J.: 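Sharing a structure here in structure tokens format.
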Protein chains: 2
Amino acid sequence: MQGGSSDPGSRPPSATERSTPNWSAPTAALGSGCEPDVEVLREQVRAHMTEHGLRSTEQRRQIVEAFLMTREHITIDQLLALVRSEDPRIGYATVYRTMKMLVAARVAHERRFSDGFARYELAVGGTHHDHLICLECGRIVEFSEPRIEELQDQIAAKHGFAVRYHKHELYCTCLDVDCPHRLRAK
Amino acid sequence: MQGGSSDPGSRPPSATERSTPNWSAPTAALGSGCEPDVEVLREQVRAHMTEHGLRSTEQRRQIVEAFLMTREHITIDQLLALVRSEDPRIGYATVYRTMKMLVAARVAHERRFSDGFARYELAVGGTHHDHLICLECGRIVEFSEPRIEELQDQIAAKHGFAVRYHKHELYCTCLDVDCPHRLRAK
DNA sequence: GTCGGTGCAAAGGTTTTGCAATAAA
DNA sequence: TTTATTGCAAAACCTTTGCACCGAC
């Protein structure tokens, strides 16, 4: 569905309207219990920018704020849509560049699941985790299992390697046939 | 086949010379002990083509044979280089299309590690496995660990999901400082 | 006034597709 | 002859980059 975009000319010309896949709704806020300490992250951004002589612009502020309010694995497109609702003139490239900066500041993690879109999540504490992605309802759930990490290290060692980082993604379907999140029938 | 050009011009014009990364040498043959039953796979291809009314062309034969002789996780570029050494007129698109066919015939598995290239491996029996990729020497080692699979299922179930497929990649470095495969110093 | 940031367009890099020519059945 | 396949070029697709103008400091 194209046409609805509030600013046609600001995307790469060849790109037809991108449809961010059903994975992960772009909701900006969520009210779960455990809020990561956004203030700490905000301060981390500030420190990084000062340290590197980066300037504080209105666009950056908006993009960073939109991202910090997010509790989802958000795509560039979703983030762009969010900030454009406040200022339609913000461009793609700025969002890309700002997210690169946030990754460099260790405030965001970049994830690439198998749908071709980069996604960003808050880098909360030292929490390492992996992901479960539902193929039906698009939910992305984080998990961490020390026993798996342990087995990984053993496997690597057995072959003469040490694990530096890993990628572990479980592509799933809902067990509950009536899952309210389900988007398409199977 | 048209076009007399023996080689240049057969790639997409914008593409500068592609350098397949250091991962996985394109060697066509290898003499390890356990040869997968290539004859079974060949028959599977034949059956698939008959069943779908696909025609047997010289190009397809060459590409399929080159792939079946492979014991590595081969990229399109590597495969193209192999078949071009026999017939320089074979084009990119044909290799892509043939590999898609082999995946459909369940003779090849497509893998995408995090370097942007699709890789193909023989689909031997029902063997499921995951991969360990060395960041230094480029080796790709297959592993399978039932205890991990089990934990995965438990994790998914705990969240109300069932695993359909998964991706588990260990990016490693060699433990042996003098690893003969090492390509670059750390 | 400097120099980094922004927005746009164009380019990168891998994969896919449209099309006219070609060849398998 | 009919219809699938080929090779080429161009397009698709997400991301990055070049550049002129703009704005933070």
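First the proteins, then the strands, lettered A, B, ... as listed; each starts at 1. If you're wondering where the values come from, they're calculated on a predicted model, not measured in any experiment.
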J.: Would you say A/R112 and A/F117 make side-chain contact, with heavy atoms under 4.5 Å?
T.: no
J.: Will you find, in the side chains of B/T75 and B/Y120, an N or O donor that is under 3.5 Å from an N or O acceptor?
T.: no
J.: Want to settle it: does A/R112 or B/A93 sit nearer the 5' end of DNA chain D, counting the closest nucleotide to each?
T.: B/A93
J.: Could you check which of C/dT6, D/dT15, D/dT5 has an atom nearest any side-chain atom of B/L54?
T.: D/dT5
J.: If I take atom NE2 in residue B/H52 and atom P in nucleotide D/dT5, what distance separates them, rounded to the nearest angstrom?
T.: 11 Å
J.: Please give, in whole Å, the distance from C/dT6 P to A/I90 CD1?
T.: 9 Å
J.: Starting at CD of B/Q78 and ending at P of C/dT14, how long is that distance when rounded to a whole Å?
T.: 13 Å
J.: Looking only at heavy atoms, which two atoms of A/L102 and A/V45 are closest? And how far apart?
T.: CD2-CG2, 3.8 Å
J.: I need the CG-P distance between A/D77 and D/dC13, as an integer number of Å.
T.: 12 Å
J.: Decide if the gap between the ring center of B/H73 and the ring center of B/H131 is smaller than 6.0 angstrom.
T.: yes
J.: Nearest-Å distance, CG (A/L80) to P (D/dT15)?
T.: 12 Å
J.: Taking only the side-chain nitrogens and oxygens of B/T57, find out if one of them lies under 4.0 Å from OP1 or OP2 of D/dT6.
T.: yes
J.: Check every atom of D/dC14, C/dC8, D/dC25 against the side chain of A/R55 and return the nucleotide holding the closest atom.
T.: D/dC25
J.: What's the CZ-P distance between B/R119 and C/dT15, to the nearest Å?
T.: 10 Å
J.: Would you say A/S56 reaches D/dA24's phosphate, i.e. side-chain N/O to OP1/OP2 under 4.0 Å?
T.: no
J.: What is the separation between atom OH on B/Y92 and atom C1' on D/dT5, rounded to the nearest whole Å?
T.: 20 Å
J.: Can you find a side chain N or O atom of B/Y96 that sits less than 4.0 Å from OP1 or OP2 on C/dT16?
T.: no
J.: With DNA chain C as reference, determine whether B/R97 or A/T94 sits nearer its 5' end, using the nearest nucleotide of each.
T.: A/T94
J.: When you check the phosphate oxygens OP1 and OP2 of C/dA23, does a side-chain N or O of B/Q59 lie under 4.0 Å from one of them?
T.: no
J.: Can you see if the side chain of B/R60 gets near the phosphate of D/dT5 - specifically, an N or O under 4.0 Å from OP1 or OP2?
T.: yes
J.: Do A/E65 and A/R42 meet the salt-bridge criterion of a basic N to acidic O distance under 4.0 Å?
T.: yes
J.: Rounded to the nearest angstrom, tell me the gap between atom CZ in B/R61 and atom P in C/dA23.
T.: 13 Å
